[in-house]
Structures are given as C-alpha cells and as structure tokens.
Protein chains: 2
Amino acid sequence: MRVPEHVIRKRRDEVASLLSQFRYLPVSELCRRLNISEATARRDLAALERERRITRTYGGALSDYNANFPSFRQRQATNAAAKRQIGRAARDLLKPGQTCYLDGGTTPFAVAEALRENPVSPLTVVTCNIPCAELLAPVEALQVYLLGGRFLARQSVLLGDTARRSVGHWHIDVAFLGAEGVTAEGFWNSQEEIIRLQRAAARRATRVVLCADATKLGQRTPFFVLPWSDAVHLLSDASPAQLRAAAVTLPRDHFLRAPEKTP
Amino acid sequence: MRVPEHVIRKRRDEVASLLSQFRYLPVSELCRRLNISEATARRDLAALERERRITRTYGGALSDYNANFPSFRQRQATNAAAKRQIGRAARDLLKPGQTCYLDGGTTPFAVAEALRENPVSPLTVVTCNIPCAELLAPVEALQVYLLGGRFLARQSVLLGDTARRSVGHWHIDVAFLGAEGVTAEGFWNSQEEIIRLQRAAARRATRVVLCADATKLGQRTPFFVLPWSDAVHLLSDASPAQLRAAAVTLPRDHFLRAPEKTP
DNA sequence: CCAAAACTGATTGCCTTCGATCATTTCCTG
DNA sequence: CAGGAAATGATCGAAGGCAATCAGTTTTGG
C-alpha cells in the first residue's frame, strides 16, 4: 500500500544511517532490521544510490566512501586524472628529510595519494586535511602531524584560530596549497577561514606550490590569497597554450608543468 | 600448480591493499586486476578474513572497518556491551553548553557513539581521538575540536608535545579518560606519552571521569596516572561486589555505576 | 471527495556467486 | 633428490540475489 512521503524519507534515512554505522549490510539484514520486504529494501537502495548517498553491491550496500565527507568525495571525482598527475609531480619536488604541508581540498589529497604510492623517505607531513592524515599515517616512512582546530565536517578539514596558531609552530620546506581560482595575479579562494590558514602556512614555508588543475584557470573567486613570487609557484596539468588562453601569464619559471602520466 | 609462499603472501597483501584503496571490490574485479581465477581469489579472501584483515560479502569483500586502525577495531570488539553502557551513562553526565574532552581509546569512543545517538545540545567536544572526531563532526549539535599533534596510526590518536600544548588552551568541564588498569589507588596506563596527555587534560578539567569496564579492575599496568579525588571519579559497569572482589575500594561517591541498558 | 498516482509486498524466471571436488603442477622438507 | 604437501584453475550443483510484473491499498492533488 502507498505510504506517506515522510515515512519513505525517514526509512531511507534510516537505511543510510544503518549503513554508515555498519559500513556494509546485506539486503537481508536491512529487511530484518527495518521490517520491510526485499523489494522495498532494493527500491530504497536504488533511490539512495541515485542520490549518491550509498554504493550498492551485489547482495547489499555500503555507506558511501566517506559518508562523513560527502562534498570531499564529490570533488574528488572531478578531474581525477589531472589531480593524480599533479599529485605525482608534487611528490617529486620533495627531498628526503624535508617537511611538507598539505592544504585542505582534493588536489593536496592527490599529493598524499602519490606519497602513499611511492613515499619520499623520510618525510614529515603537516596537514589540516583529515583524509590526508589518515591516508598517510600508516606509511612507515612518514611522520604525520595534524594541526589542531575546529573540525569542519563538510570540508573534512581543520580550521580556526587554533589551526592557524598551530601551523605557526612549524618550519615547512614546501607547502602544497589548493585553490578555486588561478589568474595572472595569483590564486583565489572563497572562504576567508581557509585563506587565513593558507596564508599562515605560506608564511612558514620556504616554498609554496599551488596545485590546481586546468579547470581552475582564469577563475576569480571572492577572495585573493597570494600573488606569484619567487617562493610561490603554480603546479598544473595545463598546457602553456591553456595558460595563455585563460590570460594567466606568469613570471618566468613560476610555472611547473605536471607531465603526462606514463603508466 | 603450487606456488612459492612469498608469492602467496605478496598476492594477498595486494588484495588487501586493493581493498583498502577501493574499500569494496567485487570478486570479479579482483580476478581481473590480479589475473587470478575466481577460485584463488575466494581462497585469498577466505584467508584474509581468517586473519581479520578484511570482511567478505556476498560477491566481493571490504577492507576492514578501519584498515588504518587495526588495533582500534580489535579493542572495540572486546566487551562492547559494557562499553556501550558506560558510554550512555557518561553522556548523561553532560549538560548543554558544556565542554567535554574525549581521551584516546575505545571506551571514550563509546561516549562518542552515545553522543551521536542522542546528542547533548549544544556541546563542545575536544579530543585527540580521530575516530571520535570523525564520528561526531557531522552532528549539528556539536562543535568538535581536534587537538594538534603527531598522528599515531596504531592508536589512531594524536600525541606528543603539540597535543599536550594544544589541550592546555582549553577549559574542560568533564574529561572522559580511559585506562588499562583500575585499582584502589587510582588508574593506570602503559604508555608514557598517553599518560602525559591525560594528565594535561585532567589539569584543565573541572571533573575527570575515568571510563573503564569491569575487566580493567585490579589491573596494575606500568605507569600510574592519577589518584581518585573529589574531581576524579570512576564510571564503570562493574558491580559493587566486583569492585570489592578486585580490592578496588574507593572513597565515598567516587564511583558512578553505569546502569544496565534498557532496550 | 474522487480519481489518478504511487508505494508495498509477493511471485516469477533468470543470473551470479559460492563451496566442494578433482586433476595437475610445483614447492619444500627431510 | 624424492615423495608428500600444497596451491592452482576448471567444473558442477546448490543457494542466493536481482529486476520485472502484478494486485492491493493509501496518499495526494485538484
């Protein structure tokens, strides 16, 4: 029989919540726990999958990669290949014994993925980016430090005064930052809190490498972060032609090209 | 045909690694990626499951709850019911507007679980415990702050000078600590770093609640943390009889009994 | 207040996965 | 170096999962 809309919503939320609690549940378990038929369970799973809230598997379903960090996962999917390229190139800028900083966002996360795949040893990693810290913590060659601060679930990142103060204690050899926009002047973001932390990290860093895929070129988002300088370079998969097309002209040697991956 | 032992080990590590990368993979995917037959894949999965490194599902397998935090998951399983009880009782000690501290370990994690289930609103949570922070970050009613510090993957906890300094900035109403041993004198742990952080948190706290299930009673592990006092109480599922049996006699009113759960 | 729309659970037939077994090949121990 | 032990891939029957369909009931929207 038909059932009011709020009941459906509530039941589907319940399914999602059970999944995020147990990570994986077979369809039969869901039916048992919610007292619903398999048909309904499957329909709910299909709906939740359409909404990208879960991942179905044969026989059950999983809470999505990181149900806690929904936006992170989404952004991760966009332009993944370029980010991987950039991540590897970023890693290759590091030398053993150095200290690097990984900013929030998915492009710095790609640097972490590259480091996990092929670590620079030894290396100290400082970050405000929780997924990065988790990814790298088990890697023997690395010492991972997390900044303190307020935990923003949406961004899965630490922010606030505490984080800013916390980064002030470090000496950083290379800071890998992300941005939403890249222009000839420098790079841009849209949240003040993030920018303040980025600036604090940049102040502590000998070298700043702005990691941004080609789609960020020419975007000018609300707040300006930093201009290009001898210490601030751009690392991107963009071609020189793309740079010109977006009117992003950089001082000599301030552009590091992420080479095509060779599989 | 039979194959040398190191090949098997390597292949199984590969399976585990693929799973921890993708979180879930269907058997068919594993076969394709590793060029092995389904039979072998299933045997590997069975072996990895026996070693508790993964979880099998119908049609595939998952990396274990937290492949990054193996020991955490293990400890979580022990005495789960008592921990849940303690967690709920701990939550009920909190009042809206307060600031609480959650220590590392699985018993404080149970407090986080209780808070997620039924949050005190509003509440500020300060923790060195990454799983706690992740669990609670999405809860609207809560502000979650993570201490800074070195990320220890084994314990999934933040430690070191930075963490200790970081906790020094807080005023904490109630600090929920964990322990490996509980005696009439006070409570005990076995890692100096952890103890230093616990003491630092206790110094900043108006009230310290030591959360320990009955199995910890009478254990005396290498290092002493703190004695019972007007500010330091024990919260446990143990019965008064169990306390006596373990020769844990506490000053009056220093023992909070976690009541049986009523489902 | 009525009719159309929509949700549920049962059933059906098809497809996938599973574990067991077996012959074969290779390791490794004594 | 010889023989037992062990791992592999193929095959097969059984078990379980899936989507589609259908009838029954309640909601929703006009």
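Reminder, nothing fancy here: chain letters follow the sequence lines and each chain counts from 1.
- Under the 4.0 Å criterion applied to side-chain N and carboxylate O atoms, A/Arg88 and A/Glu117 are assigned as salt-bridge partners.
- In this structure, the nucleotide among C/dC15, D/dT8, C/dC7 sitting nearest to the side chain of B/Val3 is D/dT8.
- Taking atom CD1 on A/Ile36 and atom C1' on C/dT8, their separation rounds to 10 Å, with Å as the unit.
- When rounded to the nearest whole Å, the span between NE2 of B/His6 and C1' of D/dA6 equals 15 Å.
- In summary, the side chains of B/Thr215 and B/Asp213 do present a donor paired with an acceptor at a separation below 3.5 Å, with no hydrogens or angles considered.
- Of the candidates C/dC27, D/dT28, C/dT8, the closest approach to any side-chain atom of A/Thr40 belongs to C/dT8.
- For the pair A/Ser37 and C/dA10, the criterion of a side-chain N or O lying under 4.0 Å from OP1 or OP2 is not met.
- The residues B/Asp13 and B/Arg53 are annotated as salt-bridged, a charged nitrogen and a carboxylate oxygen being separated by less than 4.0 angstrom.
- A straight line from CD1 of A/Ile8 to C1' of D/dT25 spans 14 Å, rounded to a whole angstrom.
- Under a 4.0 Å N-O distance rule, the pair B/Glu29/B/Arg33 qualifies as a salt bridge.
- Taking atom CD of A/Glu5 as the reference point, atom C1' of D/dT27 lies 10 Å away to the nearest angstrom.
- With rounding to whole Å, A/Asn35 atom CG is found 14 Å from C/dT8 atom P.
- For B/Arg43 and C/dA20, the shortest distance from a side-chain N or O to OP1 or OP2 is not below 4.0 Å.
- The interatomic distance linking A/Glu38 (CD) with D/dA15 (C1') rounds to 13 Å, in whole Å.
- Listed pair A/Arg12 / C/dC7 fails the phosphate criterion, with no side-chain N or O lying under 4.0 Å from OP1 or OP2.
- Whole-Å rounding puts the A/Leu45 CG to C/dT8 P distance at 12 Å.
- Distances were taken from every side-chain heavy atom of B/Arg56 (C-beta onward) to each of D/dG16, D/dT27, C/dG19; the shortest belongs to C/dG19.
- The base of C/dT26 is not paired with the side chain of B/Arg2 by any donor and acceptor separated by under 3.5 Å.
- For B/Ser63 and A/Arg23, the side-chain atoms include at least one donor-acceptor pair closer than 3.5 Å.
- Distance from the side chain of B/Met1 is smallest to C/dT25 among C/dT25, D/dG17, D/dA7.
- Taking atom NZ of A/Lys10 as the reference point, atom C1' of D/dT27 lies 18 Å away to the nearest angstrom.
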